[in-house]
Structure formats: C-alpha cells, structure tokens
Amino acid sequence: MNKELPKVYDPQKYEDDIYKKWEDSGFFNPDVCVDKGVCEKDAETYTIVLPPPNITDKLHLGHVVMVAISDILIRYNRMNGKRALWIPGTDHAAIATQNVVEKKILKEQKKSRHDLGREKFLDEVNKFVKETQATIIHQLKKTGASLDWSREAFTLDEQRQKAVKQMFVDMYEAGAIYQGHRIVNWCPRCQSTLADDEVEHKEQDAKFYTFKYSKDFPFAISTTRPETKLGDTAVAVNPDDKRYKKYIGQELEVNFCGMPLKLKIIADDNVDSEFGTGALGVTPAHSMVDYEMAQKNNLEIKKVIDEQGKIIEGLSEFGGKRVKEARKMIIEKLTEQNLLEKEEDIKNNLAICYRCGTAIEPLTSKQWFVSVDKKLKKLGNKSLKEKAIEVAKKGEINFVPERFSKRYLDWMENLHDWCISRQIWFGHQIPVWYKGDEIYVGAEKPSGAGWTQDEDVLDTWFSSGMWTFSTLGWPFSAKAMAGKPNKTDDLKTYHPTQVLETGYEIITLWVSRMIMMSLFAVDQIPFENVYLHGMVLDAKGKKMSKSKGNGIDPLEMIEKYGTDAVRMSLIINNTPGNDMKMSEQKIAEFRNFANKLWNIARYAITNYEPCLPAGRLGITNYKIERSECTLADRWILDKMHNLVKEVTQDIEEFKFSQAGEMLRDFTWNDFADWYLEISKFEKTENKNKILMKVLQDLLKLWHPFMPFVTEAIWGELGNDVSNKEFLMVNSWPTFVKDTAGKPENEKDFDLVRDIITAIRQIKSTNKIPPKEKIKAVIYAGDKVELIESQAELIKSLRTGVEELEIKPSLADGRAGKEKSEAPADAKFSKIDDIKIYILKN
RNA sequence: GGGCAUAUAGCUCAGUUGGUUAGAGCGCUACGUUGACAUCGUAGAGGUCAGUGGUUCGAGUCCACUUAUGCCCACCA
C-alpha cells in the first residue's frame, strides 16, 4: 500500500551503516545516554568488561560467542533503562606476542631478538601490535558489539602501566609479593619461566632405566632422566618398605659416572614401593616433587641443568652437553660399568610449554612470586587464597553453570605461589631497581645514579588479572575525574561488574587471578556472575584448528550471511558450559530466519499503514480497545504479553537459547503463520494497530539477539534512526509480572488455528478437506450459511467476507464437550464431524 | 589416581522445582502453492529418554551401580 521493500534482506546494505550511526550517536557510552536523556542520571548500572582478545588473535567463533552473549545482556539492560557499560580492550599477551614477533623477524630479517637488542626488538613488537590491534578491533565492530569505544583499554597502555606498577608496589609492601629462589617451570625455547597452569602435559614414549649409582651403592634406583641424577642429593624410599628400612638416615658417598655425590637416604610417603625399585633418586633442583622433599628434609639443592637446557659446565665430562646427549652418554657409561640393570619402554607424561610445545625443564631460579598463603593485614589477616575461596563459598560470585564453582574451588584450594616474573622483553617491566646490594621497589626510578631496573617482565595474567578495575581507572580514577565535572568516577560507579563472560578453559588462568587481585586492590569482588560458554567445534565435534583446516572464519560468514545470522547460530541450541558443534548450514538457517522477519515487516508495511510512531519510552500513541478485539486479536496480544515475560525471565537467568527459541516459535508459528494469515481476512483498523504493536514489541525483543536486522526494520517502519529513536535505546516491552503462565484464551485459539488450517487447505487444494480433519465452524454476522460445495466456499472466502468473527463457543470439538450456542439453523451431524460455515451479512 | 560433564527422533540439541499422549530445528515422505517470505503451507513417518536396580500414586527428571564418550586436575620418579 505504501512503501516497497526489497524481497530479500541484504545485511551488507545495512550493517556497516547502522553500526556507524550507533557509534556516532554515542549511546554505547552510558554517560551519553544520561546526557541525551535516554536513561536516568542515577539509573542502576550494568557493567561488563570484555575479556581482552590477544592482539595476536584474529577473530574466531569463540570470540563471537563471547560478544553475542555479552551484547545480549548489555543491549537488554540498556533497553531496560540501566546505565549499561561494556568496556572493550585488548591484551598484550606477553609471551605469545613476543613469540610471533620473534618468528617474524627471523623470517623477514634472519635475526634473533638478541641480534636486535631490547630496544629495537620492542620497536618491532610495537609496530606489530599497532597493526594487529587495529584488525581485531575492526573485527569486533563487525560483530555488532555495542562496546563503549571511548573507554577502550590495552593491558599495556600508559594508564594500565601505571596501574600495574602501583599494584606491584602495593602488593610488595603488603607482603603479598616476594623475591625467592625456588624451583620454577622453565621453557628453554621461550627462555622464560611459566606458571604451573601454563604447563601442559603430553603423553610420550620414554625409556625407564634401572641402575645403581655405583658399584658400592647397595641398591638400584629407576628413572627416565638419568642425566638429572648428577644433581641428586638424596634417595627416597617409602618409610614402610622393609627392603630399605635399614638405610634410612644414612648418608652414602658414591661416584656416579665420574661425579661424586653425597646421598642421604630419606623416607617419604609419596614414594610408591611398587613402582620401579621402590627407591627414588631425589633431584631437588629439577623436579617439583623432589624440590618439596628437599624442603621437608633440608637437602642441598644442586643445579645441574642451565637455562639453555644444557648440563652446567664443570660437571665431569658432561658439562655443556645438551640434556639428551648427556643422557645417552650416561647410559653408555653405566652399561660399560655394568651398572644398568634394566631398560624398559614406558608411557610418560612430558611437561610442555603451552605456548610453544617445548619440553619444560624444571629448575631453580631467582624469581618474583605472589604469595597466596601469606596472611595479609589488608585482607583482615586472611591470605589471598582464603579470601578468594571465601567469596565463592559465600555465594558472592555466581557461576553459570553452577558446576564450575566446584572447579574453581578445587583449583584455589590447591593453589601454590604464583611465579610472576618472565624472562622476556615484551610486557610490564618489573618496577624494581637494583644498585649493588640495594633494592628499591617503586613505581618510579629512585633518584641518584647507578640504579638499574629488573630486566624481567610480569606474567601477562598479572595485568589481565586487574582488568575489571584497571579499565575503570584504578587507582587514579577519582583524581583523574576531579577536574571534569559531569564525569563519573568510573570505579566507584561501575565496579564491581555484573557479569564476566568467558570460556570455561580460562577459569584457572584468569578468573581466579581476577578475583584475588580485585579483592586485594579494591576490596570488592570483580564480578557478580561468571557466565562460561563452551568451545565451538566443527560439525563433527572436532576442535577447529588452522592445521586441520576445519575452521570457520566468522568474518567470511558475516560477509556471506550477515552478522545476525552468525550470532544467532551460536546462541540457539546451545547451553552454558557445553561445547557446541557449528556448521555453515546452521548459519544459513538463521540467515533465512532473519529474512523471514524482514518479510513479516515487509508484509506489514505494504499491507497496512506502516508506522504508528513508536515513541521512545514504549508509549505507543494509540490505544487498543480490548472490547473491539476478536478472539484472534486477544490471543496474539496475550501470547505476546506472555512472550515478553518469558523472554525477560530467560535473559535474566542467562537462558539465551531458550529465549531465542521462544521468540522464533512465536515469530514464525504464531505471528507469521497464524495472525498474519488471519489478518488477510480481516483488514480492519484495529488489526492494523495490533499488528503494528505486536511487530514493534517483537522487534524490541529480538533486538539484543539480532541487532542489525531489527534496527533496519525499525528504520523502515519510519522511525528516525539517527537519534533517540534508535531501537537500540528504545525501551523493553512491559509486562505484568504475576500473570499466569498461559494466555487465558489459549484453548479457544486452538479453534482459530483449526479454522485457518481448514481455510488454507481449501484454498490450496481447492478441495474440501476430509470431514475428520475439520474441527471448527466459521461464521460472521448473524446469518448462518452452510456451505457444502467447494466452489461456493472458495467464492465466499475470496469475495466479500469483510469481517470474520470466530466464536469458539459455537462448537468445542475437544474433549467430547459440546457447547451448543450455535445459531439455530446450524447443523451438526455429530460433534466430531463439524463442517465449515461461512456466514455472510 | 581424583574430579566434572555428556548419553533423549536419522543429525544438532531443548526439556525449569518429578505430573496427562516426551518437544524444537534440520533432514525424510506425500500433496499443494510460488502476489510478504533465498520460498511457504498442510499432513505424516520416526523415540524402550544408554543399561540395571531402587524411592514414589507417578521418573527423561531423584538415588545407587554399570557401560560408552569427552574434558579438567594431579602425576608415574
């Protein structure tokens, strides 16, 4: 009747344009929303910080899941009038980034980082960072994320550097950070320490050797790593092992392959007398377990392997040899001396670096640690660990799904001190200065000459652990805001955040650190809810990876099917904490759905007066008189009302898939298939109002899920999508909380369905359906006419039926009940065999 | 070795606190449309809810055990 819309929704035509308009409007920033009057000044806040993607990342489907879920929450809360803030940022990912750049310069310039030197190398890294950062940010925008770009942060930008230094100093002064000589996981390739949870295990074939240290040693030991035996300072046996009981406490001197060793025989419960010979050579410097035994028994710690993975110079003839080489030599020697008793093939779990896959060499080294067990005054004389466990146990932090709180607690309870120094160049350099024996810990270099800064940088998780409050301006927020009137003190206003949306694999690495650091720094939990999504797998349930070539590139999919379709495909049919299988076909399905929604609007716009102005606060400038409504009208309105309630509740409970499915079901099966079909028979002014009202509310409900197509339609309805009339800042439909679950006239409407079904069938088949299929009666006005011939019926349908009223009370063919309020001349052969009547005025 | 999860239609999965005849999407079959709709509509086939036992008036749902698969943690010196 009015405007012509294209038959097919073309996402490419709208998406970038809409995103730009949103961005330009400033509404992603809640302060602007307040300024422009789309939300109240003192409205409740709702904050999410985006888990910062590594700058080395390209956007993958996991990111899109994260964005889709967070964006649903943010948009939903924004529409509900809250000051919704979603902070974007990127992570410098110290080791990962350095590795990438090292590879790059090796390939392009044939140089190592040492060839370049620290300063030049960091220039290269920073150049790289600028490019990749821009890429990932551009990609995030393509996903429709309503992130407040005015607050964009980087874990290594100036503001965050200040915060990290301050944090280090505060923790040091409180006694939560110390420097110690302890055993650490060392990656000989990365030339750096790794935290316990950055070590992965891989099963491999290994040789298990059984031998005596020397001829005069009374019994044999077993090991897979003979070369480390150069550093043995004890032999451990089970205290109950009869074979060795007599030796416990003795100190034996042996010559092991030309290396003199002093070995104390100790007893330890951890030794399994069934395994190997039941005797274990203790190498405190190169085994985590042995190190602990050494601590307990006051053993000497002798380092035999250096940071290059080579035997330390001066150790007999093995000095300078690589580990594997030394192992071979030692076995040869033992064989020569006839000391080797057994050589078995076993499966062994090798510790490898999570970044580069190189075998980890445990060794002792002087490093910086966060003490998780030290009681801190600042935390009310509790340790970081205790405090972090306490908040979870008290339920201050809610995990979705709940089962992950157990994983969190298990992890926390077994937590050891966290080694935070890394021997790489890219990252936050440790704010510690040395001059001779003097040491100074502080944010700035101390005055006076001769101070040199610690060369190490901090574990990348140290800065990302601060993410919720460092992005909100800690510790300078209040000061920084002092000179700017109208600005909020972000930290005070927006912290703690409401939700952390992330993958479950990162609970230990990240979530636990955030909790500890936030409790320490600002005495608040960092977030109230942790929503954990699963991994996105390929159609066969395999992990997507570059090498397998089974990955789905989200940007390609966005190009092809539109952002809304990609987002929907990741939301529907998915529950928190569970992995999901993805395929291109699934995305195509939702492209079709977006198109369906588009065509619903197209139908509405072309057949009815399109825009009854929506009004920003959901106040439609028209009123629907219930008394004027037909049964179908009341049905769709009730159904809609119920839908608003259900969808709202589901989003509040993080049941996004369920909400989406309800919406889809309503949109397709109730609204499009039934109500729009009915409306074809009765084009009244009232229908027009109702249809538009339902359509507009439906768009609102869909908006958090499919922001682009809904905003596009909203614009086509005649709203001015350049200002406050954005659907994005429109208000969420209202509902009455305590209405019962089902629409009051649900049952009645089943009849309407039956009628429409019959009409459709008649229309499409040109045949009167078999009697048993017909369960309803149609009449209009007060004249009843039984139509028996097919031709007549079709004629009636196609000609002048202006108003079609449906009275379910006329016949209720269900449950064997008969309510005979039918007009006197209506004829029923039997109650289950109702005929179709078209009644004309 | 410890822990967690999953097992429901051919495929991907929902199923809230136990309550009529277990649902959706895709796929499949038949018929019909292509004047809102890369369609769409109508009808239909398809399930011993992994197995066994238990609690209950009633179990896909709660409990125990078993089987299969996946993951996490620890670790074999």
Side-chain angles (χ1 to χ4, degrees), chain A residues 4-10 196-197 201 203 206 208-210 221-225 228-229 232 235-236 268 270-272 274-283 286-290 293 346-349 351 401 403-404 406-407 410-411 414 504-505 507-508 534-535 537 539-541 543 561 569 572-575 577-583 585-586 588-608 646 649-650 653 655 657-658 660-662 664-665 668-669 672-673 676-677 679-680 756-767 769-770 773:
Chain A
E4 267 301 318
L5 286 187
K7 283 170 81 161
V8 174
Y9 169 63
D10 177 13
D196 288 349
D197 45 287
H201 296 271
E203 193 175 69
F208 189 49
Y209 304 100
T210 300
I221 57 149
S222 303
T223 182
T224 52
R225 300 203 56 190
T228 63
K229 301 295 109 184
D232 279 13
V235 173
D268 194 294
N270 288 325
V271 180
D272 178 1
E274 304 292 317
F275 192 84
T277 62
L280 149 71
V282 181
T283 322
H286 300 287
S287 155
M288 297 289 169
V289 183
D290 295 7
M293 286 189 204
I346 61 160
K347 294 274 181 198
N348 188 9
N349 267 332
R403 66 173 186 269
F404 284 105
K406 189 170 160 42
R407 188 186 283 190
D410 283 351
W411 163 263
N414 295 313
Y504 61 73
E505 70 277 6
I507 295 179
T508 52
M535 279 190 300
L537 309 171
K540 289 173 189 157
K543 253 187 173 177
Y561 300 104
S569 70
I572 304 291
N573 241 339
N574 176 29
T575 41
N578 293 331
D579 297 344
M580 79 188 92
K581 294 178 190 166
M582 261 307 284
S583 62
Q585 194 205 333
K586 209 173 159 187
E589 272 173 39
F590 288 101
R591 184 265 322 261
N592 290 353
F593 180 75
N595 197 53
K596 180 80 184 176
L597 194 59
W598 176 259
N599 272 286
I600 287 171
R602 179 168 184 252
Y603 169 81
I605 290 170
T606 40
N607 290 287
Y608 288 92
E646 295 285 342
Q649 212 169 318
D650 284 345
E653 289 169 12
K655 294 176 185 168
S657 178
Q658 208 161 300
E661 278 181 71
M662 288 202 67
R664 180 174 58 176
D665 185 55
W668 207 307
N669 299 325
D673 285 357
L676 291 194
E677 290 299 330
S679 78
K680 289 178 182 172
I756 300 301
T757 304
I759 291 173
R760 271 207 197 126
Q761 225 167 27
I762 291 159
K763 278 180 72 185
S764 66
T765 60
N766 265 5
K767 281 180 209 152
K773 303 276 185 201

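The model shown is predicted, which means the values in this text are computed figures rather than measured ones. Naming convention: chains lettered A, B, ... in sequence-line order (proteins, then strands); numbering from 1 in each chain.
Nucleotide B:G58 has no partner under the Watson-Crick or G-U criteria, as no pair reaches both atom distances under 3.5 Å. Shown here, B:A74 forms no base pair; nothing in the strands shown gives a Watson-Crick or G-U wobble contact with both key distances under 3.5 Å. Here B:A68 sits opposite B:U6 as a Watson-Crick or G-U wobble pair (both hydrogen-bonding atom distances under 3.5 Å). Across all strands shown, B:U48 forms no Watson-Crick or G-U wobble pair with both distances under 3.5 Å. Nucleotide B:G53: paired with B:C63 (Watson-Crick or G-U wobble, both distances less than 3.5 Å). Shown here, B:C37 forms no base pair; nothing in the strands shown gives a Watson-Crick or G-U wobble contact with both key distances under 3.5 Å.
Residue A:Arg602 comes nearest to A:Leu5 through the heavy atom pair NE-O, 2.8 Å, listed as atom of the first residue, atom of the second, then distance.
Side chain A:Lys596 to base B:C37: a donor-acceptor pair is found below 3.5 Å. Below the 3.5 angstrom threshold, one finds a donor paired with an acceptor across the side chain of A:Asn595 and the base of B:A38.
The side chain of A:Glu661 lies closest to B:A14, out of B:A14, B:A36, B:U16. For A:Glu589, whose side chain is taken as the heavy atoms from C-beta onward, the closest listed nucleotide among B:A14, B:U39, B:C26 is B:C26. Taking every side-chain heavy atom of A:Asn578 into account, B:A5 is the closest of B:G15, B:A5, B:C72. Counting only heavy atoms from C-beta on, A:Thr575 has its side chain closest to B:A14 among B:C75, B:A14, B:A38. Nearest nucleotide to the side chain of A:Asn573, out of B:A38, B:A14, B:C13: B:C13. Listed nucleotides: B:G3, B:C37, B:A77. Nearest to the side chain of A:Leu280: B:A77. In this structure, the nucleotide among B:U12, B:C37, B:A77 sitting nearest to the side chain of A:Arg602 is B:C37. Taking the side chain of A:Lys406 as heavy atoms from C-beta on, and the options B:C71, B:A77, B:G3, the nearest nucleotide is B:G3. Comparing B:C37, B:C13, B:C40 by their closest approach to the side chain of A:Trp668 singles out B:C40.
Put simply, the side chain of A:Ser287 gets close to the backbone of A:Asp290: a donor and an acceptor are under 3.5 Å apart.
The same atom, C1', is picked in B:G15 and in B:G1; the two are 36 Å apart, to the nearest Å. Look at the P atom in both B:U52 and B:C57: the space between them is 23 Å, to the nearest Å. Taking atom P on both B:U6 and B:C76, the two are 31 Å apart, rounded to the nearest angstrom.
Of the two residues contacting RNA chain B, namely A:Lys655 and A:Asp579, the nearest-nucleotide position lying further toward the 5' end is that of A:Asp579. For the pair A:Arg407 and A:Ser287, nearest-nucleotide mapping onto RNA chain B gives the more 5' position to A:Arg407.
Between A:Tyr9 and A:Trp598, the ring planes lie tilted relative to each other; the angle falls in the 30° to 60° range.
Phosphate proximity of B:C13 to A:Lys581: present, with a side-chain N or O under 4.0 Å from OP1 or OP2. At least one side-chain nitrogen or oxygen of A:Asn592 sits closer than 4.0 Å to the OP1 or OP2 atom of B:U39.
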